[in-house]
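Reviewing the structure listed below.
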Number of protein chains: 2
Amino acid sequence: MAETENSIAIPQDFESLKTIILERKAQLPKRLRQVAAYALDNPDEIAFGTAASIATSADVQPSTLVRFAQHFGFEGFSSLQQIFRARLRERTPGYDERLKALSGNDHSKLESGSIFNGFVAAAHRSLDNIASSVEPEAFERAVNILAAAETIYLVAKRRSYPISGYMAYAFGKLKVKYQMVGTAAGVDDDILAMAGPKDAAFAVSFSPYASESVNQAKLLANRKVPVVSLTDSAFSPLAESSKVWFELVEADHAGFRSLSASMAFAMALTVAVAEKRRRNGEDHSME
Amino acid sequence: MAETENSIAIPQDFESLKTIILERKAQLPKRLRQVAAYALDNPDEIAFGTAASIATSADVQPSTLVRFAQHFGFEGFSSLQQIFRARLRERTPGYDERLKALSGNDHSKLESGSIFNGFVAAAHRSLDNIASSVEPEAFERAVNILAAAETIYLVAKRRSYPISGYMAYAFGKLKVKYQMVGTAAGVDDDILAMAGPKDAAFAVSFSPYASESVNQAKLLANRKVPVVSLTDSAFSPLAESSKVWFELVEADHAGFRSLSASMAFAMALTVAVAEKRRRNGEDHSME
DNA sequence: GCCTTTATGAAACATAAATTCCGTCATTTC
DNA sequence: GAAATGACGGAATTTATGTTTCATAAAGGC
């Protein structure tokens, strides 16, 4: 039987394997394509896992993994796995190189490279700051407030809007009731009128502060709705209306700021709230 | 059975394991010391090899490896091996201090702290990857394409939406003509109908891919509109329609991903495009 | 519409692995 | 110098892993 009459050679390194997989991707059967996608997206899993564990993660049968390997000329799954392991071995991270890679990498040779480097570096700096500027106790309190809320109102405009947008997406997936404020014009007041002390709000506003956000936060605070806020200055007008507030200064590159740290913060808060709710009791979590 | 009455805790990461081994090295029996030396000299072997193969290499019996592991409080050899594997997985940072600051800071004491730490760490990892996964040449090409465009169409749904949202905000401030696709339902086709070869599009889609985004990218490509895309898998259907595409895998914490690296990337691209336009000529930049 | 081919899932099999157990040896202590 | 304690090597045991096989399902061709 000429099972593996390889007109083409068996890939010996990860890069060529990746290339071949991408080339043949279209012609692959459904399950094999599924494995291919999983393999390229989670190479580390392939390297360390067992056939059984990988099969579970990728949602296929172990035999499919073997077939996949054989499809590309390997004797069995194990020999394919070697490629993935070699990749980790050789790519000895050499962490120093990694840092060097940032300051001295190919990017800087090209025109736009320094801009790219600048933003990555700025994001790193932002994240360095975040651990020190966010107090654990405050974070805990914020989580408690939001976890106890019936509905979480998300207040954000302009530059902050993507943050609440992402939180909304995540809350939706996590089955946490939320309400975005400030999407369509005009109806905001009606939405806010429904908020009460049993709810809570999360407001984000960076300088220059959108006056609507500030006003809406005030309005909510007056209605005894506990407000948690994220801002970039202790002088932010948001702080007055907030039970808990966080000051998070994003590092900038050439005056422009990305939202890297804010996104990490937002996601942490979102998941922490969901987690807290889950723990607090399955009794009334799904109403 | 008080075999392992650990007055001290079992090491959970490679660094602390290394420290403990070095501390106790002097008091170790001969063979165990032999294993200790081998382990620290050939960590990769420990990570990938089997107990039998390692034993042969280190010139000891397999049972000695088990004894060694138990000596340090592990249940068996396998659990010790996990430490060595984790080291390779998590590209143990050359940023030692940074991570140590993370795992050892006040946050870990509190309930939600580990979630917070997890997301900050994940964001760091994402940014570590970004420099290596984004090719400078590709970035340059993407900048050129978008800088040359009359109008930049931003295509993104769901999880990717905040990215294009932020780019829209920044483009607005930078006076770069753009058009968001997919905000209000229904009018998308009309908007896309205006796009032509002189324009360009930037599409973002992460798994699971929103079919509208994919279709719209295809549509644009068919209309000879150059498409630049950002995705998280080489398998993304977006890739086919794109002139340039970037694969950017956000590291996850407990299965949830933030958008930290994507945000840095988006901002870098946005500013680079604006900068390029500014340089290309003040003549027609302000029309 | 039927038949052939190919893909897929589930379980069985054989193998290789990790771990445990026990006998032997060396070193120390009384 | 004898007994005891601990280390070590090697084999036995048990676990679990990769692979193969077979039956079924889906797809494609005539």
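Order of the sequence lines fixes the chain letters, A, B, ..., with proteins taken first and strands second; residue numbering starts at 1 for each chain.
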*asked:* Using whole Å, what does the distance between atom P of nucleotide D:dG28 and atom CD of A:Q27 come to?
replied: 14 Å
*Write down the distance between CZ (B:F68) and C1' (C:dT19), rounded to a whole number of angstrom.*
17 Å
*For B:S78, report the nucleic acid contact type (base, sugar-phosphate, nothing); a contact means any heavy atom under 4.0 Å.*
sugar-phosphate
*Under 4.0 Å between any heavy atoms, over every strand shown, what does B:P29 touch: base, sugar-phosphate, or nothing? Just pick one.*
sugar-phosphate
*Under 3.5 Å, is there a donor-acceptor pair linking the side chains of B:S262 and B:E250?*
yes
_I want to check one thing: is the phosphate of D:dT20, taken as OP1 and OP2, less than 4.0 Å away from some side-chain N or O of A:Q70?_
yes
*Please give, in whole Å, the distance from D:dT17 P to A:Q81 CD?*
11 Å
_Spacing between A:F48 atom CZ and D:dG18 atom C1', to the nearest angstrom_ = 19 Å
_Between C:dG9 (C1') and A:L65 (CG): distance, integer Å_ = 13 Å
*asked:* Please tell me if B:R31 has a side-chain N or O lying less than 4.0 Å from either OP1 or OP2 of D:dG9.
replied: yes
*Please work out if B:T64 contacts a base, only the sugar-phosphate, or nothing of the nucleic acid, heavy-atom cut-off 4.0 Å.*
sugar-phosphate
*Flag if over 12 foreign heavy atoms under 6.0 Å of CD, A:Q82*: yes
*Does A:Q61 have a side-chain nitrogen or oxygen under 4.0 Å from the phosphate oxygens OP1 or OP2 of C:dT8?*
no
*Rounded off to whole Å, could you give me the CD-to-P distance for the A:Q82 and D:dG18 pair?*
11 Å
*Is any NZ, NE, NH1 or NH2 atom of the basic residue among B:E212 and B:K218 found under 4.0 Å from an Asp or Glu carboxylate oxygen of the other?*
no
*CZ of B:F77 versus C1' of C:dT20: gap in Å, rounded?*
16 Å
*asked:* I want to verify a distance call: between C:dT20, C:dT8, D:dT21, whose nearest atom is closest to the A:S63 side chain?
replied: D:dT21
_Ion pair check, A:D44 and A:R87, cut-off under 4.0 Å_ = yes
_Can you tell me which nucleotide in D:dC8, C:dT19, D:dT19 comes closest to the side chain of A:V66?_
D:dT19
*Go through the N and O atoms of the side chain of A:R67 and the base of C:dG9, and report whether any donor-acceptor pair is under 3.5 Å.*
yes
*asked:* Within the 3.5 Å criterion, strictly below it, is a donor on B:S205 or B:S213 matched to an acceptor on the partner's side chain?
replied: no
*NE2 of A:H71 versus C1' of D:dT19: gap in Å, rounded?*
18 Å
*Counting side-chain heavy atoms from CB outward, which of D:dG18, D:dC8, C:dT19 is closest to A:T50?*
D:dG18
